[in-house]
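Some notes on the structure that comes next.
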Amino acid sequence: MKIVVTGGAGFIGANFLNHFVPKHPEHTFINVDKLTYAANLGSLAEVAKADNYRLEVVDIVDFAAVDRVFTEHQPELVIHFAAESHVDRSISGPRAFIQSNIEGTFNLLEAARKHWSDGAGLFHHVSTDEVYGSLGDTGMFTESTRYDPSSPYSASKAASDHLVRAYARTFKLRTRITNCSNNYGPLQFPEKLIPLMVLNAVEGKPLPVYGEGLNVRDWLYVVDHCEAIWKVIHEGEDGETYNIGGNNEVRNIDVVKEICAIVAELSGKPKGELEGLITYVKDRPGHDLRYAIDATKIRTELGWEPTETFATGLRKTIAWYLDNPAWIEQVRTGEYRKWIEKNYDNRG
Ligand code: NAD
Ligand code: TDX
């Protein structure tokens, strides 16, 4: 089968390709990626040598380019990861989110509608739990929770989910959607909480915690997410939505303290010294308090179970960052440094 994987040079897409390309020589994986700041071809060094891998440097906002990919490769499956993904960037500059996440998804759906007649082809849309908005101290998101996005990022993802459902209902396009909680693991761009804190701790830089650090995220190891997507594609049902989450709710401040403890252990630095770097900074506007996924549907209907706990996955992740200084140097371009100045300099 020919599989288009959009956003395959980003964090989750690269983990997906690294995991599945070697396992499935019978499939050809076509990575369709614009190569934004968040992409890194260094993450795909091994996969790039494989006979069943191709790279198409394409902006999904460009319909003609997307159409050409469908014409040339005739994919039977699209797994749509490509998106602008960082909430803070969607606050300082929302336009790219509207373009890539909404218009980009629309273009893929239009190409799928044009090229896939009579139920040929499956469109798998990778989405987030942030579309459901914020929880209070109790409750969990199920597949029927009302959409209530808070940030331009989550609003753009919500819009893209709605478009996917509309194409399923109106044009009978075969689609599936997964809404997943916060991912962490190797290859994540160090603007996100976990890699940012790991790298800053290693370098003795401040650890900027937004607000009081009491916001809760439900963490899932990235390969567990990838396996869940694979399961939905192979065993799920058309038109259905599946929530994915690992039942790992942790307050941000506790995540940061845990990172300090593991970095201390692995690097030999005193834990107290690292915790002393914790700095409370101005909160994110519209900051969702708590996310928690009820993954009963994918667990009971498809038998999916995560393999990592937060403790095992976090240790593995930190060890990976400590062992891969070359990868870190590669992503820390001038653009990265500019973002760090822009996001943190005015937080006080
Ligand atoms: P990422 O920012 O690390 O990577 C995104 C990739 O998409 C990059 O390679 C980038 O170049 C590409 N891209 C962006 N705009 C594009 C465009 N216009 N055309 C072509 N390619 C483009 O993101 P990620 O964390 O890997 O997230 C992947 C997907 O999973 C996103 O759709 C995101 O909403 C979703 N998701 C992420 C998380 C998480 O915790 N990271 C959780 C749930 C869902
Ligand atoms: O420096 C920081 N300090 C801090 O306290 C950063 C970068 C984040 N935070 C807080 C904000 C959040 O409560 O940590 C939490 C996690 O922040 P992010 O890593 O930015 O993730 P989040 O906003 O929760 O969104 C992530 O999960 C859902 C991904 O970026 C999304 O793409 C995904 O859909």
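Whatever order the structure lists them in is the order used to number ligands and atoms, beginning at 1. Throughout, numbering of the chain's residues begins at 1 and tracks the sequence.
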Requested in this report: Classify the angle between the aromatic ring planes of F310 and Y184 as parallel (below 30°), tilted (30 to 60°) or perpendicular (above 60°).
Outcome: perpendicular
Report summary line: Heavy-atom proximity to atom 27 (O) of ligand 2, picking from N182, D218, V250, points to N182
Query raised in the report: Which bit of A96 is near ligand 1, meaning a heavy atom under 4.0 Å away: side chain, backbone, both or neither?
Result: neither
Query raised in the report: Is the side chain of N182 donor-acceptor paired with the backbone N or O of R217 at a distance under 3.5 Å, no angle test?
Result: no
Report summary line: Atoms of ligand 2 under 4.0 Å from any heavy atom of V209, numbered from 1 in the order shown, are 5 (O)
Query - N183: numbered ligand 1 atoms lying under 4.0 Å from its heavy atoms - result: 39 (C), 40 (O), 42 (C)
Query - Check: Y344 N/O within less than 3.5 Å of ligand 2 N/O - result: yes
Requested in this report: Go through F189 and H86 one step at a time and tell me if the ring pair (Phe, Tyr, Trp, His ring centres under 6.0 Å) criterion holds.
Outcome: CA-CA 10 Å; F189 193 77; H86 196 45; 8.4 Å; no
Report summary line: Of Y184, Y153, Y210, the one whose closest heavy atom lies nearest atom 5 (O) of ligand 2 is Y210
Report task. For N182, take its heavy atoms, then give the atoms of ligand 1 lying under 4.0 Å from any of them. Result -> 40 (O)
Query raised in the report: Taking the six-membered ring for Trp, is the centroid-to-centroid distance between F29 and F20 below 6.0 Å?
Result: no
**Report entry** Row check, Y37 ring normal vs R89 NZ/CZ: under 6.0 Å, within 45°
**Finding:** yes
Query - Of the listed options K192, E191, R284, closest to atom 20 (O) of ligand 2 (non-hydrogen atoms) - result: R284
Query - Polar proximity ligand 2 side, Y291 side, N/O cut 3.5 Å exclusive - result: no
Requested in this report: Look at ligand 1 and say whether G104 reaches it with a heavy atom at a distance under 4.0 Å.
Outcome: no
Query - Heteroatom proximity flag, L196 to ligand 2, N/O under 3.5 Å - result: no
Report summary line: salt bridge (Lys or Arg N to Asp or Glu O under 4.0 Å) with D88: of K282, K192, R347, only one passes, and it is R347
Requested in this report: Select one of side chain, backbone, both or neither to describe which atoms of V58 lie under 4.0 Å from any atom of ligand 1, heavy atoms only.
Outcome: backbone
Query raised in the report: Is there a nitrogen or oxygen of R217 sitting under 3.5 Å from a nitrogen or oxygen of ligand 2?
Result: yes
Query raised in the report: What are the atoms of ligand 1, with element, lying closer than 4.0 Å to any heavy atom of Y153?
Result: 33 (C), 34 (O)
Query - Side chain, backbone, both or neither: T6 near ligand 1, heavy atoms under 4.0 Å - result: neither
Requested in this report: Run the salt-bridge test on E110 and R113 with the 4.0 Å N-O cut-off and return the result as yes or no.
Outcome: yes
Query raised in the report: Are any of the N or O atoms of C180 closer than 3.5 Å to those of ligand 1?
Result: no
Query raised in the report: Any nitrogen or oxygen of L193, main chain or side chain, under 3.5 Å from a nitrogen or oxygen of ligand 2?
Result: yes
Query raised in the report: Between H80 and ligand 1, which part of the residue brings a heavy atom under 4.0 Å of the ligand: side chain, backbone, both or neither?
Result: neither
Query - Expected output: side-chain N248 to main-chain W219 donor-acceptor under 3.5 Å - result: yes
Query raised in the report: Distance-only, no hydrogens or angles: does the R176 side chain make a donor-acceptor pair with backbone N or O of I233 under 3.5 Å?
Result: yes
Report summary line: Heavy-atom proximity to atom 5 (C) of ligand 1, picking from S85, A83, G185, points to A83
**Report entry** Salt-bridge criterion met for R332 and E203 (N-O under 4.0 Å)
**Finding:** yes
Query raised in the report: Out of curiosity, is S127 lining ligand 1, as in a heavy atom under 4.0 Å away?
Result: yes
